[in-house]
Amino acid sequence: MTGGNSLLADMRRFGSSPEEICRSTLGIDPARICGSVILSPGWRPERMFEPSAITEVVQASPLYQYGIWEVSCGDRHITYLKTGFGAPAAMDAVLLLGLAGRCRKILFVSSTGSIAPEIGVGDIVLPEFAASGDGAVRYLSGSLLRDPFGERAYPDPGLAAALAAAAEEICGKNGVKWHRARVFCTDTIAAQYGHISAIRAMGYDTLDMESAAVLKAARLLGVPAAAILNVSDNSAAGKSLFTPRSGEEQAYRQFVRREVLPQILAAAI
């Protein structure tokens, strides 16, 4: 596998037409896919958008049980795809969108764990890059024997700049903190805690599971992609996913996710 065209050709070789492959995996005709796509591992669109703006397209797809919706955002329509957690499901969603040939822009939206004291619960994070600590990206390489551990995947510069400009303005108006961050992508939640110090020592300040695979797959296909993340926990401050957050922290995070993130997405997409 040497590039996006080769990858898509291999996918077609084991299927029939892109239309039939999309129907049998995403459960959707490619014509229903909008040019702008929001991809999220765990969030349904109601967490950020009004129910009246959301139309369900696929409740549970044949592959991975993806949920797919169409969201009205002003005068635009956006495809919203909930992949489920983990790099394989999120990466495959990007590849299948590439096969459909309709997607022109991907915004990855998810939670992230902070391992830096200054990046607090509820804050917004824009990754400078995401480093692979997952196994899925190995399959995007020419050889399965080449180890891509620690390789960095970067967001599209233009899309990342649009997100940053929107975050600067909208977060400023709402008293919300945002950060540029270096994300390490792990294959595990429970077992990562034995390695937090080592990951921090390597220069990373946040953790998720999917963003490196999403960004690398999108770049391989030539589809602009960027990520915007919302901090769910902070292990450096003793507030891991295994410990409760205060009511104030929960309210702040809910406000950011419900009121601030949609404005940033609408400005950038």
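Basis for what follows: all heavy atoms, side chains included, without hydrogens, waters or symmetry-related copies. Because the structure is predicted, anything quoted here is derived from the model rather than measured.
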* In sequence, state the C-alpha distance, the side-chain angles, and the governing distance for Lys105 and Val223, and then conclude on side-chain contact (heavy atoms from CB on, under 4.5 Å). => CA-CA 6 Å; Lys105 184 186 299 182; Val223 177; 5.7 Å; no
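- From Arg219, atom CZ reaches atom CD1 of Ile106 across 12.5 Å, with rounding to the nearest 0.5 Å.
- Residues Leu26 and Tyr66 have side chains in contact (heavy-atom distance under 4.5 Å, counting atoms from C-beta outward).
- Electrostatic pairing of Glu151 and Arg138 does not count as a salt bridge here, judged by no charged N lying under 4.0 Å from a carboxylate O.
- Checking side-chain atoms of Arg102 against main-chain N and O of Leu99 turns up no donor-acceptor pair under 3.5 Å.
- Residues Asp134 and Met209 form no side-chain contact, since every pair of their non-hydrogen atoms from C-beta on lies 4.5 Å or further apart.
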* Does the side-chain contact (heavy atoms from CB on, under 4.5 Å) test come out yes or no for Tyr154 and Glu128, once each step is laid out? -> CA-CA 7 Å; Tyr154 291 86; Glu128 295 179 13; 5.9 Å; no
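- In this structure, Ser61 OG and Leu96 CG are separated by 8.5 Å, a value rounded to the nearest 0.5 Å.
- Closest approach of Cys185 and Ala212 over heavy atoms only: SG-N, 3.3 Å.
- Residue Arg257 holds its CZ atom at 9.5 Å from OG of Ser232, rounded to the nearest 0.5 Å.
- Two residues are said to be in side-chain contact when any heavy atoms from C-beta on lie closer than 4.5 Å; Phe255 and Asn174 meet this criterion.
- In the hydrophobic cluster analysis, where Ile, Leu, Val, Met, Phe, Trp and Tyr join through side-chain heavy atoms closer than 4.5 angstrom, Leu229 is grouped apart from Val176.
- Hydrophobic clustering (ILVMFWY, side-chain heavy atoms < 4.5 Å, transitive): Ile21 and Leu81 are in one cluster.
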* Asked: Step by step, would you call Val260 with Trp178 a side-chain contact (heavy atoms from CB on, under 4.5 Å)?
  -> CA-CA 11 Å; Val260 178; Trp178 72 279; over 6 Å; no
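- By the side chain to side chain donor-acceptor pair (under 3.5 Å) test, Glu56 is found to be paired with no residue, residues two or more places apart in sequence or in another chain being considered.
- The hydrophobic cluster containing Met48 also contains Ile124, counting ILVMFWY residues as joined when their side-chain heavy atoms lie under 4.5 angstrom apart, directly or transitively.
- For the pair Val125/Asp205, no side-chain contact is recorded, criterion being any heavy-atom separation below 4.5 Å from C-beta on.
- A donor-acceptor contact shorter than 3.5 Å is absent between the side chain of Arg23 and the backbone of Pro18.
- Relative orientation of the Tyr193 and Phe242 rings is tilted, given thresholds of 30° and 60° on the angle between their planes.
- Between the Arg182 side chain and the Gly203 main chain, a donor and an acceptor come within less than 3.5 Å of each other.
- Using a 4.5 Å heavy-atom cutoff, the side chains of Arg47 and Leu261 are not in contact.
- With rounding to the nearest 0.5 Å, the separation of CZ in Arg152 from OG in Ser132 is 13.0 Å.
- To the nearest 0.5 Å, atom CG of residue Leu39 and atom SG of residue Cys103 are 8.5 Å apart.
- Looking at heavy atoms from C-beta onward, Ile228 lies out of side-chain contact with Leu107 at the 4.5 angstrom threshold.
- When all heavy atoms of Ala93 and Thr83 are compared, the pair lying nearest together is CB-CG2, 3.8 Å.
- At a threshold of 4.5 Å between side-chain heavy atoms, the hydrophobic network of Ile, Leu, Val, Met, Phe, Trp and Tyr places Leu221 and Leu159 in two separate groups.
- By the 30° and 60° cut-offs, the orientation of the rings of Phe184 relative to Tyr204 is tilted.
- Side chain of Gln250 to main chain of Arg245: a donor-acceptor pair is present (N/O by atom type, distance under 3.5 Å, no hydrogens or angles).
- The closest donor-acceptor contact from the side chain of Ser110 to the backbone of Ser40 lies at 3.5 Å or more, if one exists at all.
- No more than 12 heavy atoms of other residues, nucleotides or ligands sit less than 6.0 Å from atom CZ of Arg32.
- Note on Leu140: it clusters hydrophobically with Tyr64, by side-chain heavy-atom contacts below 4.5 Å among ILVMFWY residues.
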Result block: side-chain N/O donor-acceptor pairs under 3.5 angstrom for residues 113-121, not counting sequence neighbours:
from: Ser114; atom 1: OG; to: Ala116; atom 2: N; distance (Å): 3.2
from: Ser114; atom 1: OG; to: Ala116; atom 2: O; distance (Å): 2.9
from: Ser114; atom 1: OG; to: Ile119; atom 2: O; distance (Å): 2.8
from: Ser114; atom 1: OG; to: Asn234; atom 2: ND2; distance (Å): 3.4

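- Around atom CD of Glu259, more than 12 heavy atoms belonging to other residues, nucleotides or ligands sit under 6.0 Å away.
- Asn230 contributes a side-chain N or O that, together with a main-chain N or O of Asp123, makes up a donor-acceptor pair within less than 3.5 Å.
- In terms of heavy-atom proximity, Val94 sits nearest to Ala217 at CG1-CB, 3.8 Å.
- Salt bridge annotation for Arg253-Glu249: absent, with no cationic side-chain nitrogen under 4.0 angstrom from a carboxylate oxygen.
- Ala226 approaches Leu163 most closely through the heavy-atom pair CB-CD1, 3.7 Å.
- The CE atom of Met91 sits 9.0 Å away from atom OH of Tyr139, with the distance rounded to the nearest 0.5 Å.
- The 12-atom threshold is exceeded at CZ of Arg76, counting heavy atoms of other residues, nucleotides or ligands nearer than 6.0 Å.
- Proximity of Ser72 to Phe49: side-chain heavy atoms (C-beta onward) are nowhere separated by under 4.5 Å.
- Within a 6.0 Å radius of CD1 in Ile196, more than 12 heavy atoms belonging to other residues, nucleotides or ligands are found.
- When every heavy atom of Asp187 is checked against every heavy atom of Gly135, the shortest pair comes out as OD2-N, 3.0 Å.
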* Could you walk me through whether Leu265 and Val109 pass side-chain contact (heavy atoms from CB on, under 4.5 Å), step by step? => CA-CA 9 Å; Leu265 290 169; Val109 184; 3.8 Å; yes
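- Of all heavy-atom pairs spanning Ala130 and Leu215, the tightest one is CB-CD1, 4.3 Å.
- With respect to the salt-bridge test (charged N to carboxylate O, under 4.0 angstrom), the residues Arg258 and Glu50 qualify.
- Under the 4.5 Å side-chain criterion, counting only non-hydrogen atoms from C-beta, Tyr80 is not in contact with Glu70.
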